[in-house]
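Values below: all heavy atoms of this structure, side chains included; hydrogens, waters and symmetry mates excluded.
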Amino acid sequence: MNSLKTDNFFKEDAAAQAESKEALARQLADLISQEPTDELRETFAKAQKLIACYRCALLEVETKFRVLNEEFSLQHERNPIENIKTRLKSPNSIREKMIRKGIPLSLTSMEENLNDIAGIRVICSFLNDIYMLAECLLQQDDVILLERKDYIEHPKPNGYRSLHLIVQIPIFLQNEKKNMRVEVQLRTIAMEFWANLEHRLRYKKNLDESLVQQTAAELTQCAEISAMLDDKMQRIRNIIEG
């Protein structure tokens, strides 16, 4: 059986991800609030609690995938999941996105309008594993699907492929149940490899426009090759498993 790893992704702000929970919450409160001191303290407490809720939601979804992975390994003697990565969007990224979308800078607005604050990425061995795991997750009676975008069936123009789900799940706190949104991304090893390299190359600075266009075309071609590899590996597995 494969050893299942968990790490962080979307390294939009590595320093923020390394901060303590309290420092992260304080930064968030400072970024989205310009209120007087007493109200800022209240905002800070609410921000701290909200961040904790997103962390709990990530734990809930991650646990669901780990259970599915364990069950599948017992039944079929193989793991459909190669790796699980989780992240909380940094306060700077949250603020920038809210400004870009014209969303009011408040905790309530953030919670109501942003679906990707908490994110989990599941790296699978084969294409069929992606859809199998997604179906198993959505069949659970405490998981509500809010949005689905299949960039495998319908890749982005640059060649990006992945299955995106926005789900809502309940978390149970000391005195309340709270529904939280989590973005789930499912992709193969090849899709993950391509997306990571494409992200690095796309954000290289000081490139001539002609070079940007050339590399974009080549990256799109690489995405097609990667997709062909996934299809071929899936066919080989189907033949072996008969």
Side-chain angles (χ1 to χ4, degrees), residues 4 6-10 12 16-17 19-33 35 38-72 80-81 84-91 93-95 97-98 101 103-122 130-149 163-186:
L4 186 57
T6 304
D7 52 19
N8 292 323
F9 74 95
F10 284 178
E12 299 171 4
Q17 291 183 6
E19 293 175 12
S20 66
K21 295 179 183 179
E22 182 175 344
L24 186 61
R26 190 182 302 277
Q27 184 185 3
L28 177 58
D30 289 342
L31 283 170
I32 65 175
S33 176
E35 301 167 352
D38 289 344
E39 295 185 26
L40 180 57
R41 290 198 191 98
E42 182 180 354
T43 300
F44 164 70
K46 291 179 179 178
Q48 192 176 37
K49 181 177 180 180
L50 185 57
I51 287 172
C53 289
Y54 279 114
R55 291 184 186 277
C56 292
L58 276 179
L59 287 172
E60 289 282 350
V61 178
E62 181 182 348
T63 299
K64 289 178 180 295
F65 278 115
R66 287 186 175 277
V67 170
L68 289 171
N69 194 58
E70 181 66 21
E71 180 186 14
F72 196 87
I81 300 176
I84 294 178
K85 305 180 179 184
T86 64
R87 71 97 176 92
L88 280 175
K89 207 171 186 66
S90 74
S93 296
I94 292 172
R95 183 175 184 274
K97 185 167 187 177
M98 293 175 75
K101 289 182 170 290
I103 299 170
L105 298 179
S106 70
L107 289 174
T108 300
S109 176
M110 180 189 78
E111 188 175 5
E112 290 177 351
N113 293 287
L114 298 186
N115 293 326
D116 62 344
I117 294 175
I120 182 165
R121 181 178 296 161
V122 181
I130 291 175
Y131 294 102
M132 180 272 293
L133 288 169
E135 182 179 358
C136 289
L137 176 70
L138 297 177
Q139 284 178 346
Q140 299 185 24
D141 56 14
D142 61 342
V143 177
I144 298 175
L145 176 66
L146 300 179
E147 185 178 305
R148 176 189 179 109
K149 292 183 179 179
L163 177 63
H164 289 200
L165 308 173
I166 303 298
V167 299
Q168 178 178 284
I169 65 162
I171 61 169
F172 296 88
L173 306 174
Q174 183 176 358
N175 298 311
E176 65 173 317
K177 180 180 81 169
K178 187 173 179 63
N179 292 319
M180 303 298 299
R181 298 177 188 177
V182 176
E183 181 188 50
V184 180
Q185 296 181 0
L186 298 106

Among all residues two or more places apart in sequence or in another chain, which pass the side-chain hydrogen bond (donor to acceptor under 3.5 Å, both in side chains) test with E111? K178
Between V184 and H164, does the side chain to side chain contact (heavy atoms under 4.5 Å, CB included) criterion hold? Intermediate values first, please. CA-CA 6 Å; V184 180; H164 289 200; over 6 Å; no
Nearest heavy-atom pair of A57 and V182: which atoms, and what distance? CB-CG2, 3.7 Å
Side chains of E147 and L165: closer than 4.5 Å at any heavy-atom pair? no
Begin from the C-alpha positions of F65 and L186 and carry the test side chain to side chain contact (heavy atoms under 4.5 Å, CB included) through to its verdict. CA-CA 11 Å; F65 278 115; L186 298 106; 4.1 Å; yes
Residue list, side-chain contact (heavy atoms from CB on, under 4.5 Å) with Q140, at least two apart or on another chain: K64, L68, D142, V143
Close side-chain approach of Y54 to L59, heavy-atom, < 4.5 Å: no
A118 and R87 have their tightest heavy-atom pair at C-NH1, 3.3 Å
Rounded at 0.5 Å granularity, tell me how far SG in C53 sits from CG in L58. 11.5 Å
As an exercise, state the distance from CD of E183 to CD1 of I166, rounded to the nearest 0.5 Å. 4.5 Å
Hey, are R66 and E62 close enough for a salt bridge, meaning a charged N less than 4.0 Å from a carboxylate O? yes
Minimal non-hydrogen separation, N69 against I81, with atom names: OD1-N, 3.0 Å
Shortest non-hydrogen separation from L163 to A134 and the atoms involved: CD2-CB, 3.8 Å
P104 and S109: which non-hydrogen atoms are nearest, and at how many Å? O-OG, 3.0 Å
Do the side chains of L114 and K89 get nearer than 4.5 Å, heavy atoms only? no
Within the 4.5 Å heavy-atom criterion, are I103 and M110 side-chain neighbours or not? no
N-O pairing of K97 and D116 below 4.0 Å: yes
Are side-chain heavy atoms of L146 and V167 found at a separation under 4.5 Å? no
Spacing of CE belonging to M98 relative to CD1 belonging to I94, to within rounding of 0.5 Å: 8.0 Å
Beyond-backbone contact of I84 with R121, side-chain heavy atoms, under 4.5 angstrom: no
So, do I120 and K85 sit near enough that their side-chain heavy atoms are less than 4.5 Å apart? no
Shortest non-hydrogen contact from P80 to M132? CB-CE, 3.9 Å
Can you pull out every salt bridge (charged side-chain N to carboxylate O under 4.0 Å, His left out) where at least one residue sits in residues 166-175? Sequence neighbours excluded, please. none
Report yes if the side chains of I169 and R181 come closer than 4.5 Å at any heavy-atom pair, otherwise no. no
